[in-house]
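Shown next, in structure tokens, is the structure this report addresses.
Here is the naming used below: chain letters follow the sequence lines, and residue numbers restart at 1 for every chain.
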There are 2 protein chains.
Amino acid sequence: MARVRKTVTIRDVAEDAGVSLQTVSRVVNGGPNVRPQLRDKVRASIDRLGYVPSLAAQRMSGSRSYIILAINDRERTLADWRARLGTDWVDQMLLGGILTCSQHGYRMMVELVDTHSDHVERELGAALSALQPDGVILTPPHSENRLITQLLAERNIPFARIGSNAPGPGIPLTMGDESAAHLATSRLIELGHRRIAMIAGPPQYSLSGWRIDGWKRALDEAGLPHDGLLEVGDFGYASGTRAARALLDRHADLTAIIGSSDQMTLAALEVARDRGLSVPHDLSLISFDNTPIVRFSQPPLTAVDQPIAETVSRAVEQLIARGPDGDDDAVIEVPAGLVERYSTAPPPVEAPAQAQAHAPGRA
Amino acid sequence: MARVRKTVTIRDVAEDAGVSLQTVSRVVNGGPNVRPQLRDKVRASIDRLGYVPSLAAQRMSGSRSYIILAINDRERTLADWRARLGTDWVDQMLLGGILTCSQHGYRMMVELVDTHSDHVERELGAALSALQPDGVILTPPHSENRLITQLLAERNIPFARIGSNAPGPGIPLTMGDESAAHLATSRLIELGHRRIAMIAGPPQYSLSGWRIDGWKRALDEAGLPHDGLLEVGDFGYASGTRAARALLDRHADLTAIIGSSDQMTLAALEVARDRGLSVPHDLSLISFDNTPIVRFSQPPLTAVDQPIAETVSRAVEQLIARGPDGDDDAVIEVPAGLVERYSTAPPPVEAPAQAQAHAPGRA
DNA sequence: CCGCATCTTGAGAGCGTTCTCAAGACTTGT
DNA sequence: ACAAGTCTTGAGAACGCTCTCAAGATGCGG
């Protein structure tokens with residue numbers, strides 16, 4: 001019973017194949033200068049014995065740890081966590097990250113960091129010391145956290161900043177927020193809308209600004225106004241309710257709203273319903289994020305799809321490919337797409353298609 | 001520039017504190033037999049230098065790896081993955097798992113395994129060899145996968161089976177599916193419902209059966225029928241639509257449906273809407289899972305809340321506490337709660353309250 | 001105040017890899 | 001056929017920690 005299965009080590013393989021440890025190591029790591037014949041022999045032994053190198057041992061001797069650490073936001077309590085509803089960031093990250101990592105023989109680990117905590121540095125520092133990851137992936141809002149980026153730079157650990165295009169250390173990746181907002185806005189203009197509002201995210205997030213920029217640019221290009229058509233929320237549901245009400249109160253002629261998060265847009269949907277506005281016939285809605293919840297509202301929301309999985313995947317690739325060097329400052333942009341569902345339609349006919357610069361509101 | 005920051009090792013601490021490596025190690029690991037005075041001195045050095053032991057090195061020498069591996073299902077493509085909508089399993093697991101792990105100085109890693117793949121064994125085996133985790137957490141549908149449980153038992157790695165109460169190796173944990181279903185059903189009976197149907201999950205999942213059991217038991221206890229009131233789905237949306245239609249076609253007097261997944265229940269909601277049935281006034285709905293999507297339907301769904309985070313947390317604790325021994329066969333049951341939202345109400349008055357014995361419907 | 005048990009500390013080996021460096025086998029140019 | 005490479009292979013140290021075991025310090029009963 002419970003006969004202890006000894007782990008297969010590189011030594012067992014070496015013996016089995018009748019070569020030295022070093023040769024096996026070379027074969028495993030695809031090193032050069034091994035005669036094909038020998039290589040095959042070693043490979044056969046590896047397969048037969050089912051040898052897989054120990055990550056820990058590799059880390060010990062080699063210069064790499066084969067670990068990529070992804071830093072995610074942590075809510076303080078379970079309740080907070082659940083309240084984040086619909087945030088499938090972690091799911092997406094894992095899909096993109098784990099798969100890409102394993103393709104390169106790497107592993108991804110997730111670290112949950114509390115932004116509000118005073119000891120972010122200590123927490124993160126401990127994780128870095130324990131794991132000694134070859135690369136770190138920062139997600140918003142950590143991507144632009146000075147404390148964190150500095151710590152990483154100091155320790156000379158390559159890292160990717162998702163959702164940040166600021167200069168400075170670390171590889172910046174964005175999901176094309178400006179163009180996505182531009183795309184969404186343009187689509188609405190195309191449908192005939194002339195009063196298009198935006199509920200933006202909080203200013204601490206750079207991407208909030210980018211989205212506003214894209215929205216404004218599309219409006220400007222079409223010669224449409226944007227004064228008073230902007231409200232700021234915090235990505236949460238309640239703030240969306242507030243913003244949508246303010247917008248609708250202020251502009252009777254509003255026919256479309258772009259929300260900077262699924263929650264805020266869902267809130268706008270609710271506000272519209274309360275006021276007897278039919279979506280999309282009276283009011284068109286476009287959301288940002290495209291998390292799963294948005295497919296189950298009534299109607300399902302047209303949304304800008306954040307390519308999180310792919311972005312993380314790209315980040316992993318960059319971290320693995322570039323060594324500690326790579327001061328290449330180019331921002332990597334993974335474009336977001338627009339998923340059209342049923343919350344967008346042409347504006348109500350009562351809203352005359354221009355000529356009357358300003359729509360007369362709805363009956 | 002880029003001065004390479006040397007990692008702080010146990011040796012540095014030993015030197016700083018003027019003691020041997022061994023003593024530092026003992027202090028770090030809370031070993032006994034160290035004079036308080038010395039311990040404090042060492043602790044001071046540790047803090048000053050910011051020493052954190054390297055996981056890899058600990059694994060190398062010690063008998064433990066301080067790694068818990070969580071096995072999750074992997075969909076083959078990004079599209080499949082996204083289609084799982086609303087499944088925040090991974091999020092929940094991480095919350096429960098990572099936090100609990102770090103409390104004990106452990107780390108959690110996630111491995112994505114494709115159930116449909118032929119080489120599950122090879123994939124998993126490789127992960128086990130590379131990581132040498134101290135424990136493994138299996139989630140449905142892997143919890144009852146013979147190939148996997150055997151592999152683990154063979155390698156003598158402690159593991160937890162979430163959503164399985166079968167005998168055999170591994171620590172079984174359930175989320176009280178039987179009693180949760182019983183609770184949900186009882187609640188409906190209490191409200192006055194007499195025709196309560198269930199859309200069950202696929203039979204490959206044990207929990208599908210448990211939920212049916214709980215539903216039947218509550219019905220039996222109240223002397224209510226269950227013939228023809230059961231439909232089976234696959235947890236997916238489409239199957240829910242099919243099942244709800246069948247149920248509603250068959251029983252004009254149906255006033256409540258319990259769905260074994262959020263998706264299926266959401267589908268039932270849609271079917272009801274299509275038929276002009278108002279939820280909850282004409283039809284009450286209770287869902288299983290309580291993933292975030294369920295809070296944004298119209299109306300928000302009353303749902304059985306799967307305590308995934310807590311279950312995983314318990315699993316981690318068990319794995320860490322028990323050594324390789326622990327053949328304690330007791331099933332650990334983390335009870336699920338019922339979150340009442342707005343999809344449940346007394347049945348319409350037209351549904352006669354029967355000879356009284358049973359709830360009088362609503363006023 | 002001695003002898004023995006117990007507590008405290010340290011020395012050295014070992015974990016499974018990769019790294020560095022050197023030695024032998026093969027080429028190649030003349 | 002010989003010197004000077006280049007390829008191929010292996011030996012041994014090193015990585016940072018914990019384990020085992022032994023030695024010194026301390027405590028206690030008589």
Side-chain angles (χ1 to χ4, degrees), chain A residues 4-42 45-46 49-67 105-107 126 128-132 134, chain B residues 4-42 45-46 49-67 105-107 126 128-132 134:
Chain A
V4 178
R5 228 187 75 102
K6 211 210 153 286
T7 338
V8 179
T9 78
I10 201 174
R11 174 164 282 110
D12 300 319
V13 177
E15 252 168 49
D16 186 83
V19 299
S20 73
L21 295 190
Q22 185 45 41
T23 300
V24 178
S25 176
R26 270 192 275 257
V27 171
V28 170
N29 297 300
N33 303 345
V34 179
R35 257 187 325 190
Q37 185 194 344
L38 235 198
R39 183 203 328 280
D40 292 344
K41 193 170 163 190
V42 172
S45 293
I46 290 178
L49 301 177
Y51 167 71
V52 176
S54 148
L55 246 194
Q58 285 185 311
R59 159 69 201 114
M60 280 302 291
S61 45
S63 45
R64 287 172 301 178
S65 66
Y66 296 96
I67 287 179
Y106 277 67
R107 285 263 150 195
L128 294 179
S129 299
L131 262 22
Q132 296 177 238
D134 290 341
Chain B
V4 179
R5 228 187 77 101
K6 209 207 156 286
T7 338
V8 179
T9 78
I10 199 174
R11 173 164 283 111
D12 301 320
V13 177
E15 252 168 51
D16 186 82
V19 298
S20 74
L21 294 190
Q22 186 44 40
T23 300
V24 178
S25 175
R26 269 191 276 259
V27 172
V28 170
N29 297 300
N33 305 344
V34 179
R35 259 185 324 193
Q37 185 195 345
L38 236 198
R39 186 205 324 283
D40 292 344
K41 193 168 163 193
V42 172
S45 293
I46 290 179
L49 300 177
Y51 167 72
V52 175
S54 148
L55 245 194
Q58 290 191 119
R59 159 68 202 114
M60 280 302 291
S61 45
S63 44
R64 286 173 300 179
S65 65
Y66 297 96
I67 287 179
Y106 277 67
R107 285 263 150 194
L128 295 178
S129 299
L131 263 23
Q132 294 174 241
D134 290 342

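Where B:Ser20 and B:Gln132 each meet DNA chain C at their nearest nucleotide, the meeting point lying more 5' is that of B:Ser20.
Between C:dG16, D:dG10, C:dT18, one nucleotide has an atom nearer to the side chain of A:Ala57 than all others, and that is C:dG16. Each of D:dG16, C:dT17, C:dG10 was ranked by its minimum atom distance to the side chain of B:Thr9; first place goes to D:dG16.
Here A:Asp40 contributes atom CG and A:Ser45 contributes atom OG; the two are 11.0 Å apart, rounded to the nearest 0.5 Å. Note that CG of B:Leu49 is 10.0 Å distant from CD of B:Glu15, once rounded to the nearest 0.5 Å. In this structure, OG in A:Ser20 is found 11.0 Å from CZ in A:Arg11, a value given to the nearest 0.5 Å.
Protein atom CD1 of A:Ile46 is 16 Å distant from nucleotide atom P of C:dG16, rounded to whole Å. Atom pair B:Leu21:CG and D:dC19:P shows a separation of 14 Å (rounding to whole Å applied). If you measure from atom CD1 of B:Ile10 to atom C1' of D:dC17, you get 6 Å, rounded to the nearest angstrom. Straight-line distance from the CE atom of B:Met60 to the P atom of D:dC17: 12 Å, rounded to whole Å. Between B:Arg59 atom CZ and C:dG14 atom C1' there is a gap of 13 Å when expressed in whole angstrom units. One interatomic measurement links the two molecules: CG of B:Asp12 to P of D:dC15, which rounds to 11 Å at whole-angstrom precision. B:Gln58 has its CD atom 17 Å from the P atom of C:dG16, to the nearest Å. Taking atom OH on B:Tyr66 and atom C1' on D:dC17, their separation rounds to 10 Å, with Å as the unit.
Residues of residues 33-41 of chain A that place a heavy atom closer than 4.0 Å to DNA chain C do not occur.
With B:Asn29 contributing its side chain and B:Ser25 its backbone, the two residues share a donor-acceptor pair below 3.5 Å. Checked by atom type and distance alone, the side chain of A:Asp134 pairs as donor or acceptor with a backbone atom of A:Ser65 at under 3.5 Å.
Taking 4.0 angstrom as the limit, B:Tyr51 places a side-chain polar atom (N or O) nearer than this to OP1 or OP2 of D:dC17.
Looking at A:Gln132 and A:Arg59, their side chains come closer than 4.5 Å, going by heavy atoms from C-beta outward. With a 4.5 Å cut-off on side-chain heavy atoms, A:Tyr51 and A:Ile10 count as touching. Contact of the B:Tyr66 side chain with the B:Arg107 side chain is not registered, since no non-hydrogen atoms from C-beta on lie closer than 4.5 Å.
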Quick tally for nucleotides 19-24 of chain C: nucleotides whose base has a protein heavy atom under 4.0 Å get B, sugar-phosphate-only ones S, the rest -, giving B-----
